[in-house]
Amino acid sequence: MISLRDLTVSFAGVPALRGISFEVARGESYGLVGESGSGKSTILRAITGLAATDGGTMLVDGKPLDRGSRRDIAFLRRVQMVFQDPYGSLHPRHTVDRVLRESLAIQGIDDAEGRIAGILADVGLGPQFRYRYPHQLSGGQRQRVAIARALITDPEVLLLDEPTSALDVSVQAAILNLLAELQNERRVSYVFISHDLGTVRYLSDRIAVLYLGRLMEIGPAERVFSGPHHPYTEALLSAVPTIDGLAPERVRLKGEIPSAINPPTGCVFHTRCPRMLGEICRSQEPPLLPGAEPGHQIRCHIPVEGLAVDRRELEPVPDVAE
Ligand code: ADP
Ligand code: MG
């Protein structure tokens with residue numbers, strides 16, 4: 001449904017994303033994880049055109065997402081976004097009805113009456129909410145309105161940047177359930193970000209791990225959560241409490257994320273890696289190569305267990321140009 005190939009973005013000459021390639025299938029939920037500043041939001045902003053790309057291609061349903069297609073309203077309606085902050089993202093003097101009506105008007109869709117009533121019911125808001133203003137709504141209700149605004153045009157892809165992290169813990173689960181339900185019913189693809197790995201595990205089919213603007217590991221969510229290969233993924237995941245409440249074995253990362261202005265040589269993670277191998281990690285950037293299971297890709301020099309061949313003799317994952 002959405003395909004990124006070798007996407008590169010920089011801000012004032014400083015690279016924020018490099019060689020980002022992945023594909024999201026119809027109805028699939030794709031989670032992006034990584035520490036703050038790793039480039040997650042920039043990926044979503046590049047897709048929506050809010051961040052300019054230096055290189056690479058983006059396809060939605062096989063059609064290039066470029067300057068031309070960004071002027072094509074019918075095409076653009078296929079990708080919608082939900083932001084973290086439901087307070088800032090709704091106009092304070094617009095009623096719910098007006099918010100939804102404008103989303104339809106921008107896309108030139110008629111039949112506002114039927115659609116507005118339908119989408120409000122779908123996001124769990126009764127008809128009594130229709131003429132309310134944002135200040136008359138709770139955080140969770142506002143986020144339901146933001147989701148309704150995005151889905152009312154029937155997009156194929158929904159981009160979600162930390163959709164629950166500004167909400168009270170007590171309402172986060174309700175919004176997550178709603179998102180999971182809506183996805184089942186509509187077969188819409190999600191690309192979403194959350195710093196809460198419990199959320200990511202709950203919602204994603206696949207996850208991609210970012211560090212300093214590079215993809216370090218991609219794989220089926222259960223595979224990556226139960227047995228991450230990359231030491232960075234391992235460290236990220238070890239910070240999550242386990243379901244049975246036992247303290248997990250924590251892998252602690254040394255130091256701070258290096259500056260993107262002057263990224264480390266070789267593997268960008270080597271300066272903080274608890275399992276650094278030595279010179280090879282310091283001097284050669286590992287390509288993103290397949291792991292032992294389908295769909296698993298890893299950017300790391302540490303040999304993959306259960307893989308009979310030397311990964312360095314494998315072809316790099318086809319759409320990753322190094
Ligand atoms: P994340 O969402 O993973 O926290 P971001 O995508 O927001 O990370 O940022 C990635 C990098 O790009 C950071 O180093 C950030 O400082 C930089 N960056 C993001 N947006 C801008 C911008 N508009 N101008 C300059 N630098 C930016
Ligand atoms: Mg962000």
Side-chain angles (χ1 to χ4, degrees), residues 2 4 6-22 24 29-56 58 65 70 79-89 139 143 146-147 150 157-167 172 175-176 179 190-201 203-204 206-218 221 224 228 230 232-233 235-237 239-240 253 255-265 267-269 271-272 285 288 299:
I2 188 156
L4 305 185
D6 210 16
L7 189 72
T8 300
V9 172
S10 46
F11 295 106
V14 179
L17 294 177
R18 229 194 63 194
I20 301 292
S21 302
F22 62 81
V24 183
S29 189
Y30 206 91
L32 302 176
V33 300
E35 286 161 290
S36 178
S38 55
K40 305 178 298 294
S41 295
T42 303
I43 291 185
L44 302 193
R45 293 168 60 82
I47 296 172
T48 56
L50 291 168
T53 59
D54 298 344
M58 297 185 274
L65 190 53
R70 285 190 198 290
V79 181
Q80 292 282 354
M81 183 140 175
V82 172
F83 297 92
Q84 171 177 352
D85 178 15
Y87 296 86
S89 68
Q143 201 59 313
I147 293 167
V157 179
L158 191 57
L159 308 175
L160 302 131
D161 195 342
E162 301 270 11
T164 57
S165 54
L167 305 175
Q172 288 182 359
I175 297 295
L176 282 182
L179 287 171
Y190 288 170
V191 184
F192 77 97
I193 297 173
S194 178
H195 67 264
D196 173 37
L197 295 162
T199 296
V200 176
R201 188 168 197 166
L203 212 54
S204 15
R206 271 197 294 166
I207 68 170
V209 182
L210 277 152
Y211 184 75
L212 265 187
R214 286 152 183 82
L215 287 171
M216 303 307 259
E217 183 160 9
I218 299 180
V224 175
H230 204 291
Y232 179 60
T233 314
L236 267 186
L237 301 190
V240 195
L253 292 180
E256 301 280 302
I257 307 184
S259 156
I261 298 173
N262 194 9
T265 57
C267 173
V268 284
F269 185 58
T271 53
R272 299 171 79 202
E285 172 148 50
L288 196 61
R299 186 192 295 283

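Values reported hereafter were calculated over all heavy atoms of this structure, with side chains retained and with hydrogens, waters and symmetry mates removed. Along the sequence shown, residues are numbered consecutively beginning with 1. Numbering of ligands and ligand atoms starts at 1, following listing order.
Annotation for ligand 1: atoms under 4.0 Å from non-hydrogen atoms of Ala16 are 12 (O). Close contacts of ligand 1 with Ser36, meaning ligand atoms under 4.0 Å from a residue heavy atom, involve 4 (O).
When each of Asp161, Leu158, Leu32, Val200 is checked for a side chain to side chain contact (heavy atoms under 4.5 Å, CB included) with Phe192, only Val200 meets the rule. Each of Thr42, Asp6, Leu210 was scored for a side chain to side chain contact (heavy atoms under 4.5 Å, CB included) with Ile20, with one residue passing: Leu210.
The shortest N/O to N/O separation between Gly37 and ligand 1 falls below 3.5 Å. Looking at Arg45 next to ligand 1, no N or O pair under 3.5 Å apart turns up.
A salt bridge is absent between Glu162 and Lys40; no separation between the charged side-chain nitrogens and carboxylate oxygens falls under 4.0 Å.
Ser36 lies apart from the Mg ion (ligand 2) in this respect, since none of its N, O or S atoms is found at a distance under 2.8 Å.
Proximity of Ala260 to ligand 1 is not established, as no heavy-atom distance is less than 4.0 Å. Ligand 1 does not have Gly34 within reach: every non-hydrogen atom of the residue lies 4.0 Å or more from it.
At the top of the distance list for atom 7 (O) of ligand 1, counting protein heavy atoms only, stands Ser41 CB, 3.8 Å. Among all protein heavy atoms, the one lying closest to atom 6 (O) of ligand 1 is Thr42 OG1, 2.5 Å. Protein heavy atom in closest approach to atom 8 (O) of ligand 1: Gly39 N, 3.2 Å. Nearest protein neighbour of atom 23 (N) of ligand 1, counting heavy atoms only, is Phe11 CE2, 3.8 Å.
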Begin with the C-alpha distance, continue with both residues' side-chain angles, and end with the deciding distance and a verdict on side chain to side chain donor-acceptor pair (under 3.5 Å) for Tyr211 and Arg272.
CA-CA 11 Å; Tyr211 184 75; Arg272 299 171 79 202; 3.2 Å; yes

Does Tyr30 form a ring pair (Phe, Tyr, Trp, His ring centres under 6.0 Å) with Tyr190? I'd like the steps, not just the answer.
CA-CA 6 Å; Tyr30 206 91; Tyr190 288 170; over 10 Å; no

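The shortest distance between side-chain heavy atoms of Tyr232 and Glu35 falls below 4.5 Å. Put simply, the side chain of Ile147 reaches to within 4.5 Å of the side chain of Ile175, judged on heavy atoms. Between Val268 and Pro258, every side-chain heavy-atom pair lies at or beyond the 4.5 Å cut-off.
Atom 15 (C) of ligand 1 is never approached by the protein to below 4.0 angstrom, counting heavy atoms only.
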